[in-house]
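A quick write-up on the structure given underneath.
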Amino acid sequence: MNDLKCVFRNFSLSIPTFDHLKHFQREYERQHNVKLSNSQVLAIMLRQHQELIAGSKCDD
């Protein structure tokens with residue numbers, strides 16, 4: 001992932017959405033014994049979502 005270009009943007013999240021991101025981050029860090037930035041967590045969540053959506057298209 002280091003060879004990918006990054007785009008930096010400021011944006012806001014609702015408190016429940018931010019809480020969900022932080023919960024995911026803590027669980028992921030605990031399970032994989034790594035430390036992640038919020039950006040890394042968001043990238044993982046979006047990748048998992050893309051994979052889920054791609055998988056659901058195959059089920060149709």
Side-chain angles (χ1 to χ4, degrees):
M1 188 184 235
N2 292 340
D3 59 337
L4 298 177
K5 292 184 179 181
C6 295
V7 175
F8 293 89
R9 297 286 186 262
N10 289 325
F11 60 92
S12 62
L13 300 172
S14 68
I15 297 293
T17 301
F18 182 75
D19 289 345
H20 179 67
L21 182 133
K22 296 308 282 186
H23 175 74
F24 181 96
Q25 180 182 37
R26 291 179 187 110
E27 283 299 311
Y28 191 97
E29 289 176 347
R30 184 184 62 77
Q31 290 176 11
H32 299 278
N33 197 30
V34 296
K35 285 290 185 189
L36 300 171
S37 68
N38 289 342
S39 294
Q40 290 170 312
V41 172
L42 187 56
I44 291 167
M45 293 175 85
L46 290 171
R47 186 186 70 240
Q48 288 180 352
H49 179 73
Q50 286 176 315
E51 291 168 358
L52 180 68
I53 297 302
S56 70
K57 288 181 181 177
C58 295
D59 295 338
D60 291 340

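Computed from heavy atoms alone, side chains included, the values below leave out hydrogens, waters and symmetry copies.
The side chain to side chain contact (heavy atoms under 4.5 Å, CB included) test applied to His49 returns Ile53, not counting sequence neighbours. Checked against side chain to side chain contact (heavy atoms under 4.5 Å, CB included), Val34 has the following partners two or more places apart in sequence or in another chain: Tyr28, His32, Leu36. With sequence neighbours excluded, no residue forms a side-chain hydrogen bond (donor to acceptor under 3.5 Å, both in side chains) with Glu51.
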For a quick test of your reading: what N or O donor-acceptor pairs under 3.5 Å do the side chains of residues 10-17 make, sequence neighbours left out?
residue	atom	partner	partner atom	Å
Ser14	OG	Thr17	N	3.3
Ser14	OG	Thr17	OG1	2.8

Which donor-acceptor pairs under 3.5 Å do side chains of residues 37-46 form with protein atoms, sequence neighbours excluded?
residue	atom	partner	partner atom	Å
Ser37	OG	Ser39	N	3.4
Ser37	OG	Gln40	N	3.1
Ser37	OG	Gln40	OE1	3.4
Asn38	OD1	Lys22	NZ	3.1
Gln40	OE1	Ser37	N	2.7

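Sorted by first and then second residue, the salt bridge (Lys or Arg N to Asp or Glu O under 4.0 Å) pairs involving residues 35-44 (not counting sequence neighbours) are Glu29-Lys35.
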